[in-house]
Amino acid sequence: MPRLPRSFFARPCLQVAPDLLGLYLVRGDFAGRIVEVEAYVHEEDQACHARVGRTRRTEMLYGPPGYAYVFLIYGMYDCFNVVTEAEGSPAAVLVRAVEPVPPLEGGTDGPGKLCRALGINRAHNGQDLVDGALVWIERRNRKKVKIATTPRIGVDYAGEWALRPWRFIDADSPWVSKARGVKAPTGSASRPSRRSPRTR
DNA sequence: GGCACGATTGCT
DNA sequence: GCAATCGTGCCT
């Protein structure tokens with residue numbers, strides 16, 4: 001199955017993010033069909049780790065595209081990101097949920113949970129997704145993905161940047177995370193019945 | 001050196 | 001609703 005080439009990741013982050021939906025994140029004998037991602041774009045994005053500029057932690061974001069950026073959050077969960085755009089341009093895509101194939105123990109609906117289930121941790125930070133042997137992204141089919149967007153999860157501290165619709169999900173997938181903290185899904189299934197009378 | 005906080009999750 | 005748990009960035 002064809003791995004994605006460097007050129008795929010070298011494009012603008014907001015183009016790469018939705019294009020990752022429907023592709024497969026492969027780690028050892030396991031893989032996950034990507035159904036939910038978020039884009040974190042440049043230093044001005046107050047939700048992006050690069051908002052603090054170059055540090056030991058953010059150095060990966062400034063590196064060349066097609067590498068893994070894995071960080072520890074809340075002292076106990078790892079989050080897997082794909083570095084995008086040219087070297088020197090800090091932008092990455094967080095993988096938030098996958099459909100496990102084959103089925104896995106433990107959920108994969110959430111950035112911390114999918115890393116735990118697939119065995120991804122900080123040792124994978126800096127791994128080459130194009131030529132590396134530990135983790136990569138590949139295409140397994142050309143099936144179309146119906147894409148929906150929402151604001152990103154858990155970044156309310158970022159002010160108006162938190163309102164940008166930079167979370168991309170496969171609108172038809174039941175494997176998307178529950179995303180506590182989201183007020184209202186953008187257009188689809190679980191809205192309150194349209195004609196609920198709300199008598200008064 | 002100390003401290004507040006986080007791209008989350010599971011349990012009360 | 002809230003605690004767990006520790007690396008990071010900034011300050012005290």
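For the numbers below, each heavy atom of this structure counts, side chains included, while hydrogens, waters and symmetry mates do not. Convention: sequence-line order gives letters A, B, ...; per-chain numbering from 1.
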- Note on the structure: A:Glu87 meets the side-chain contact (heavy atoms from CB on, under 4.5 Å) criterion, sequence neighbours left out, with A:Pro64
- Query: Between A:Asp45 and A:Arg51, does at least one N-O distance fall below 4.0 Å, as a salt bridge requires?
  - Reply: no
- Item | Where protein sits on nucleotides 4-12 of chain C, one letter per nucleotide: B base, S sugar-phosphate only, - none, heavy atoms under 4.0 Å | BBBSSS---
- Could you tell me from which nucleotide to which nucleotide of DNA chain B, 5' to 3', there is an atom under 4.0 Å from chain A heavy atoms? B:dG6 to B:dC11
For a quick test of your reading: what N or O donor-acceptor pairs under 3.5 Å do the side chains of residues 24-35 of chain A make, sequence neighbours left out?
| from | atom 1 | to | atom 2 | distance (Å) |
| --- | --- | --- | --- | --- |
| A:Arg27 | NE | A:Leu134 | O | 3.3 |
| A:Arg27 | NH1 | A:Gly119 | O | 3.2 |
| A:Arg33 | NH1 | A:Asp170 | OD2 | 2.9 |
| A:Arg33 | NH2 | A:Asp170 | OD2 | 3.1 |

- Does a salt bridge link A:Asp131 with A:Arg3, judged by any charged N lying under 4.0 Å from a carboxylate O? no
- Query: Centre of A:Phe8's six-membered ring, under 6.0 Å away, within 45 degrees of the axis: is that where NZ or CZ of A:Arg11 sits?
  - Reply: yes
- Hunt down any stem DNA chain B takes part in, defined as 3 or more consecutive Watson-Crick or G-U pairs whose two distances are each under 3.5 Å. B:1-6 with C:6-11, B:8-11 with C:1-4
- Note on the structure: CG of A:Leu21 to CD1 of A:Ile147, rounded to nearest 0.5 Å, is 5.0 Å
- Message: Check this for me: A:Glu44, atom CD, are more than 12 non-hydrogen atoms of other residues, nucleotides or ligands nearer than 6.0 Å?
- Response: yes
- Task: Answer yes or no: is there an ion pair linking A:Glu138 with A:Arg140, defined by an N-O contact shorter than 4.0 Å?
- Result: yes
- Task: Run through A:Arg167, A:Lys178, A:Arg152 and flag the one making a salt bridge (charged side-chain N to carboxylate O under 4.0 Å, His left out) with A:Glu36.
- Result: A:Arg167
- Item | Contacts of type ring-ring contact (aromatic ring centres under 6.0 Å, His included), residue A:Phe71, not counting sequence neighbours | A:His49, A:Tyr69
